[in-house]
Amino acid sequence: MSRYDPAEIEPKWQAAWDEALTFKASDDTSKPKYYVLSMFPYPSGRIHIGHVRNYTLSDVIARYKLAGGHNVLHPMGFDAFGMPAENAAMANGGHPKDWTYGNIDDMVAQMKPMGWSFDWSRKFATCDEDYYGQQQALFLDMLEAGLIYRKNAMVNWDPVDMTVLANEQVENGRGWRSGALVERKELTQWFFRISDFSDELLEGLDTLDDWPAKVKLMQANWIGRSRGLQFAFSTVNAPEGHDRIEVYTTRPDTLLGASFVGISPDHPLAKVLERDNPEVAAFTAECRKGGTTEEAIETAEKLGFDTGITVRHPFDTAVELPVYIANFILMDYGTGAVFGCPGHDARDHEFATKYGLPIVETFEPIEGGIDIKAEPFVPQKTEKVRYTRLIAGEEIQTSEEAVEAAVAFCEANGVGQGVTKYRLRDWGLSRQRYWGCPIPVVHCETCGTVPEKKENLPIALPYDNGGEAIDFAIPGNPLDRHPTWRDCACPSCGGAAKRETDTMDTFVDSSWYFARFTAPRAKTPTDMDKAGYWMTVDQYVGGIEHAILHLLYSRFFTRAMIQTGHLPESCAEPFKALFTQGMVTHAIYQTTSDAGRPVYHYPEEVVSIPFEGKSVVVLKKAFEEQGMDVDNEAHRQAVATAFHDFPHWGVEVVPSAKMSKSKNNVVDPVAIIEQYGADTARWFVLSDSPPERDVEWTASGAEAANRHLGRVFRACAEIAESEVPPTGEDEALAREMHKAIRDVTLAIESFGFNAAIARLYAFTNALTKSRAGSETKRAAAKALAQLMSPMTPHLSEEIWSLLGGEGLIANAPWPVADEAMLVEDSVTLPIQVNGKRRGELTVPVDMAKDEIEKLVLAHSAVERALNGAAPKKLIVVPGRIVNVVA
RNA sequence: GCGGGCGUGGUGGAACGGUAGACACAAGCGACUUAAAAUCGCUAGGGCAUUGCCCGUGCGGGUUCGAUUCCCGCCGCCCGCACCA
């Protein structure tokens, strides 16, 4: 009998699948379709263990659905534009295109041995001329439909990447990729009108039942819809042209608690004032200087400057409120001006306390008793409160109700109107980079900005300067200084014109790739029939880090593509179900250098020695220092014993840390495959934790997974050859098999892959221990192979063929549990006394309640507990449990 | 600050309101072996102990015949957002 040799069987079955075109998605629309997609990778050149987990998850689903009779689409491609390619060209010379395509080839070579069921015939990279040419066609259609426009705007400028960033791409004031402090700069940019879809994008979230609530919440917060009142205060002694100050508030119900008006340092009125008043100018300059780091924002003091201007209260013109310029008011939200209500807002309270402004209560808790001077009263908007200075509505109502009543009242009295505002801004897509999709427009002195003609697409990136290499080492955009590429004929008048040299944000590339996969070679961006059949994606799998950017942009894109006729109406939501997987982590082995700095060690540099029931982790170097041998058990024990005297041998183990090259705790999938095979890697990343949680990679865990697969192989190989006639244990094993089929199927359906694997361990144990006859064992082994096949496809194929299974296991229909075999004749009921388990009782399933009661009362444990007394109560839950209340 | 999530053995983790700790790792004991590796078997939450009993799912309460699970209040950790009017 041969032994389990993944290096032999894995390439063999991969070749067999290729040969049979097993995973080539057919467009045969007679079958139910299932589109499962993993987020496509950036081609860094190396796959990492996170990819292994991600793609194994979608692979399990793809293979399970294929066995379930679906027409499965499980494609893979590369998100191939972006800065790293240009950085590599800057650092090491070479060309971004060569670097990228070289990396793609390397990555495909690393991915194929994993045995993922991708339909590689649909592979594309977003830097393929074919792909980005179609993207340019989409751009032109969206431009024509008014979904894209150009405007002069303050933008986030990343001084390291020398490009602009969208709001979503700025994290804590830093560029999401470079980490550089973002500057503000005024540029003419192209924008997607994503904010026109704010309501739709927000409301669409409610239909996404199979998305994590967390992601939906993050998107809802990002869109940030708020309902409020916009109105104007009339001013007293303000400069000409500023006789009104427009403010926006979500709390018009607290209007009678207003004690000041605050305007942004960038407000037009502030700009007028700073022109004539050096004090104002000094103050606003100070405000603008404010740091952008997280810390600076958090600790920034609330500062105000009393302008001397006042406004009249709209409902009590006798009241005049002072106007302050305040550093915490943003010009680009609302109107850049607010009224402050210190009684019911923490920030306003801080401000009013500092500048000695009145603090007026407008409502109080129903039971009263609150000191508004000491602390603002800010209850939930859904909580009922008693209004003491009421604008409209009932005296006792929720703030939610009061806001609506106040809006209606103000509108009726000619004081402003109710408006809905959003935090979501339009998506600026221009990037001043070379390695991206060129924006297909032309600037003509006569005609202005003119879209390219579709027949001129693709507008391809120039590879070089007419035979001379582009120098990527110069900062800035090479397209901008290219001698000839910019020059073109105006599509409108035919005169000399210049191309737009900005390229598109790479998030555009990933906003529609899922649609392109449904017809990757179509001569138009999509094929409506194919898209209509395959879309939407039934299950999307990827990291939570894309919760806002990629997923929100994609949801906008499908809507924009529907408007431009590139997707059917039914595709508004691109991803029906979303699954966000956790990270793969690994322990860090750390010591401290003489200088007190942490030193990180590779797993190979340390050794764990079992000692006195615990593990002692030491540096292997310690053995060398002592002239001892790591593999010598006596030496190991000697080191472990002497460990306390030599603390510098010891290694601190930081468990479950994110993998990082600088911490030396990265595991390389290629090395894992070489050592154990793909099936072991697949089995392990699925086995130890629920897929949405982080899982820690451990060498011992991987070895255990490998050992188990070897056990399964040997057991099944033995069963294949054995000839034992039926025995009395056949039925028991058959029942186990049907229970395993039921449980594993349910677990896979609910993404409980770790539970499925635990169940498969148990079933394997039952099979290897069983003394049933060969026929039954073979059936059980085949079922085991099938149930394992989504996780360990190569091993399963091998077992399947050893056992004489028909065709490829990948094509075999998923086993169905026989209900009759799941029904038990007898059941073991735990017996509780006062909720504590005291014994158990095995009875026929259909035994009557009163019969069970008799048996329970006669049970020795119950008799002992009752001690002759009658039970107060006797609860029998049929098939479950019995509880005696003494 | 706001919002969300999570706290279970030495570890990862299981448990429709119904036997807490499935399954696995690490550990220990044993078998096989000249020996080791591999493999196989057994033990294993803590404590007391003779059958058995007590304690135990972050802490404190509550609902229930019965709570890891539901409710209320704390504590701790993680994630997201954050001067958003």
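Sequence lines set the chain letters: A, B, ... in the order given, protein chains first and strands last, and positions in each chain run from 1.
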Walk along nucleotides 36-57 of chain B from 5' to 3' and tag each nucleotide B, S or - by protein heavy-atom contact under 4.0 Å, base first, then sugar-phosphate.
---SS------------SSS--

Report, as a single string ordered 5' to 3', how protein heavy atoms within less than 4.0 Å touch nucleotides 7-18 of chain B: B base, S sugar-phosphate only, - not at all.
-----SSS-B-B

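Comparing A:K873 and A:T249 by the nucleotide of RNA chain B that holds the closest heavy atom to each, the one mapping nearer the 5' end is A:K873. Along RNA chain B, the nucleotide nearest A:Y761 and the nucleotide nearest A:T335 are compared for position; the residue whose nucleotide lies closer to the 5' end is A:Y761.
Residues meeting the side-chain hydrogen bond (donor to acceptor under 3.5 Å, both in side chains) test with A:D210, sequence neighbours left out: A:K576. Qualifying side-chain hydrogen bond (donor to acceptor under 3.5 Å, both in side chains) partners for A:R759, counting only residues two or more places apart in sequence or in other chains: A:D743. For A:Y4, the side-chain hydrogen bond (donor to acceptor under 3.5 Å, both in side chains) test picks out no residue, with sequence neighbours left out. With sequence neighbours left out, the salt bridge (Lys or Arg N to Asp or Glu O under 4.0 Å) criterion links A:E703 to no other residue. Scanning for salt bridge (Lys or Arg N to Asp or Glu O under 4.0 Å) contacts around A:R864 gives an empty result, with sequence neighbours left out. In this view, A:D266 and A:R288 satisfy the salt bridge (Lys or Arg N to Asp or Glu O under 4.0 Å) rule, not counting sequence neighbours. In this structure A:F328 satisfies the ring-ring contact (aromatic ring centres under 6.0 Å, His included) test together with A:F351, sequence neighbours excluded. Among residues two or more places apart in sequence or in another chain, the side-chain contact (heavy atoms from CB on, under 4.5 Å) test is passed with A:T842 by A:S826, A:T828. Under the rule for a salt bridge (Lys or Arg N to Asp or Glu O under 4.0 Å), A:K214 has no partner lying at least two apart in sequence or in another chain.
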Can you give the dot-bracket line for RNA chain B, where a pair is Watson-Crick or G-U wobble with both atom distances under 3.5 Å, crossing pairs use [ ], and | marks a partner on another strand?
(((((((..(((.....[....))).(((((.......))))).((((...))))..(((((..]....))))))))))))....

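Whole-Å rounding puts the A:F684 CZ to B:C23 P distance at 18 Å.
The residue A:L330 sits close to a base: some heavy atom pair falls under 4.0 Å.
Remark: aromatic rings of A:F751 and A:F753 are close, center separation under 6.0 Å.
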